[in-house]
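Remarks on the structure that follows.
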Amino acid sequence: MHRERQQQIRFCTSADGTRLAVATLGEGAPLVKAATWLTHVEKDPSNLFTRHWVSELSRGNTLIRYDSRGCGLSERQVERISMEAWIEDLEAVVATLAMDRFPLFGMSQGAAIAVNYAARHPDRVSHLVLYGACARGLLKRDPPAKVIDAALAMLKAAELGWGSDSSSFRQVFISQLLHDATAEQQRAVDEAQRLTISGANAVRFLKEVFEIDLLESAPKVRCPTLVFHAKDDPCFPFEEGRLLASLIPNARFIPLESKNHLPFETEAAWPVFLSEFRAFLPGTGAESAPRDANAPTTTKPLLTPRQIEILREVGQGQTDKQIARKLALSPRTVEMHVANALLALKCRTRAEAVRRATELALITSAPG
């Protein structure tokens, strides 16, 4: 089960005086996550939409994340919402925590912030990881008139109905983020939208996202870079992620099978992302522990806490329906977790996966 580990929340001040909420969670080398617009450092560790990101990115690292200005616990009524202000906010967080050199992670709109920061501070960023990014915002891609009209209608919907009790207006935006999500997952995204940002600020954020332009800054990035993008991303086109990867010198591009802008932990894309992410960053997860130089090198496949929990139940002879009842999940969700565990462990059968997980000490016991 997901258990909330103790996180520390503090506040810092950006260059223009805006108050920002900063959270640290986990132990180990620092990993900084650039802010996005749907963040709430207090609520994210328990929301179905975000909790797997918080849990896994803080595994073997000290994860540093912060609420963007206008969002979450950061100051809501702000004069400036712009790319320049977002970069200043990241600079303020880094200065507050007195970090010299660190890996930087950016997802969605936060990826543009991360790219700009890495381009300006090549001495600070050791590794750059981007997920669901775009090289150019909607209005920088010379869209047809009907696309512009649809974008303006979306802004109007946010302005009129974002903060209402009804989720009908916010559903417009959920449809732009997810094309393959359960009702429960959609409710989690709606809750994140409702809690993290006002309709007025959502409009201001979207206008800035439409104007993202990394054509000049991306080629200035000098650190090793990994770029992930869902093949059927409904928010930022796959071609934009590929373009961004081509602009960053020597960046590696990894397409993922997903119809969502950001993957849920039940998707096959999630363990693939985690495996590549941990292999790319030094000192993350199991690989951060000291090793005997004479010992044989082995790499542990990464399973999520939920996958480990379900495999343990499988090893005790429980059926999907029995596991679902015990863990308050649907049988389909249990089946998807098992399938992803089989993929991560490179096993064909459940029994083989249980044996393999036991051999790797991922679970402590297997049927005799």
Side-chain angles (χ1 to χ4, degrees), residues 11-23 32-44 50 64-96 104-120 130 132-141 148 151-164 169-170 172-174 176-177 189 192-214 216-217 235-236 261-262:
F11 293 87
C12 73
T13 303
S14 193
D16 63 0
T18 300
R19 188 176 65 255
L20 304 172
V22 184
V32 179
K33 175 183 173 293
T36 62
W37 67 320
L38 295 181
T39 59
H40 194 302
V41 291
E42 181 186 12
K43 305 295 185 181
D44 285 349
T50 50
I64 298 156
R65 47 189 239 286
Y66 61 100
D67 284 335
S68 186
R69 56 177 58 215
C71 299
L73 294 181
S74 289
E75 193 169 339
R76 293 291 188 103
Q77 302 299 321
V78 293
E79 181 178 344
R80 298 166 63 224
I81 290 181
S82 65
M83 180 58 68
E84 190 62 33
W86 293 335
I87 298 169
E88 290 173 7
D89 292 346
L90 177 51
E91 290 172 339
V93 170
V94 170
T96 297
L104 179 60
F105 175 63
M107 59 198 289
S108 189
Q109 158 244 349
I113 302 170
V115 169
N116 279 314
Y117 181 92
R120 293 190 188 186
L130 307 173
C134 68
R136 303 167 298 177
L138 177 66
L139 298 182
K140 294 295 184 179
R141 300 197 293 265
I148 296 177
L152 294 176
M154 186 168 61
L155 294 178
K156 194 65 176 177
E159 186 177 10
L160 292 175
W162 191 279
S164 66
F169 285 95
R170 294 186 298 272
V172 174
F173 299 91
I174 292 177
Q176 299 297 313
L177 295 173
V189 178
Q193 291 181 145
R194 186 181 65 82
L195 288 177
T196 58
I197 193 170
S198 68
N201 280 348
V203 171
R204 297 171 69 189
F205 268 74
L206 286 170
K207 287 181 177 178
E208 290 299 323
V209 172
F210 290 164
E211 297 286 346
I212 286 174
D213 188 345
L214 300 177
E216 291 187 7
S217 58
C235 184
F236 293 151
H261 180 46
L262 301 174

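Because the structure is predicted, anything quoted here is derived from the model rather than measured. Position 1 is the first residue of the sequence; numbering continues from there.
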message = Measuring from atom CZ of F236 to atom NE2 of H261, what distance do you get when rounded to the nearest 0.5 angstrom?
response = 5.0 Å
request  = Using modelled atom types only, decide if a donor and an acceptor are shared between the side chain of R76 and the backbone of G72 within a distance under 3.5 Å.
outcome  = yes
Residue pair T96 / F11, side-chain heavy-atom distance below 4.5 Å = no
message = Evaluate L38 against I197 for side-chain contact (heavy atoms from CB on, under 4.5 Å), listing each step before the verdict.
response = CA-CA 7 Å; L38 295 181; I197 193 170; 4.1 Å; yes
inquiry  = For the backbone of V93 and the side chain of Y66, can you confirm whether one donor and one acceptor N or O come within less than 3.5 Å of each other?
reply    = no
key: Spacing of CE belonging to M83 relative to CG belonging to L214, to within rounding of 0.5 Å   = 6.5 Å
ask   = Shortest non-hydrogen contact from A114 to G106?
value = CB-CA, 4.1 Å
F205 ring center within less than 6.0 Å of W86 ring center = yes
ask   = Is the shortest side-chain N to carboxylate O distance from D213 to R136 below 4.0 Å?
value = no
query = So, the side chain of T39 versus the backbone of A35: is there a donor-acceptor pair under 3.5 Å, distance only?
reply = no
note = For V78 and R204 the tightest heavy-atom approach is O-NH1, 3.0 Å
query = Do E75 side-chain atoms and G70 backbone N/O form a donor-acceptor pair below 3.5 Å?
reply = no
query = Checking S82 side chain against A85 main chain: does a donor-acceptor pair fall under 3.5 Å?
reply = yes
message = I need the L139 CG to E208 CD distance, nearest 0.5 Å.
response = 11.0 Å
ask   = Would L104 and L90 satisfy side-chain contact (heavy atoms from CB on, under 4.5 Å), going step by step from the backbone distance to the final call?
value = CA-CA 10 Å; L104 179 60; L90 177 51; 4.2 Å; yes
request  = Say whether, by atom type as modelled, one donor and one acceptor occur between the side chain of R69 and the main chain of L20 under 3.5 angstrom.
outcome  = no
message = To the closest 0.5 Å, what do you measure between CG (L130) and OG (S108)?
response = 11.5 Å
remark   = Closest non-hydrogen atoms of A133 and A111, given as atom of the first, atom of the second and distance, are CB-CB, 3.3 Å
ask   = Within the distance-only criterion (no hydrogens, no angle test), does the side chain of D89 pair as donor or acceptor with the backbone N or O of S14 below 3.5 angstrom?
value = no
ask   = Between M107 and K33, is a side-chain contact (heavy atoms from CB on, under 4.5 Å) present by the stated rule, with each step listed?
value = CA-CA 8 Å; M107 59 198 289; K33 175 183 173 293; 3.4 Å; yes
query = Quick one: do E211 and K140 make a salt bridge, cutoff under 4.0 Å?
reply = yes
request  = Starting at NE2 of H40, measure out to OG of S74 and round the result to the nearest 0.5 Å.
outcome  = 9.5 Å
query = Which heavy atom of G110 sits nearest a heavy atom of T36, and at what distance?
reply = N-CG2, 3.8 Å
remark   = Closest non-hydrogen atoms of I212 and C134, given as atom of the first, atom of the second and distance, are CG2-O, 4.0 Å
task = Decide side-chain contact (heavy atoms from CB on, under 4.5 Å) for V41 and R65; before the verdict, give the C-alpha distance in whole Å, the side-chain angles of both, and the deciding distance to 0.1 Å.
result = CA-CA 7 Å; V41 291; R65 47 189 239 286; 3.9 Å; yes
task = Any chance you could measure W37, atom CH2, to D67, atom CG, to the nearest 0.5 Å?
result = 14.5 Å
message = Using the rule given for salt bridge (Lys or Arg N to Asp or Glu O under 4.0 Å), can you reason through R120 versus E88, listing the C-alpha separation, both sets of side-chain angles and the distance that settles it, and then say yes or no?
response = CA-CA 11 Å; R120 293 190 188 186; E88 290 173 7; over 6 Å; no
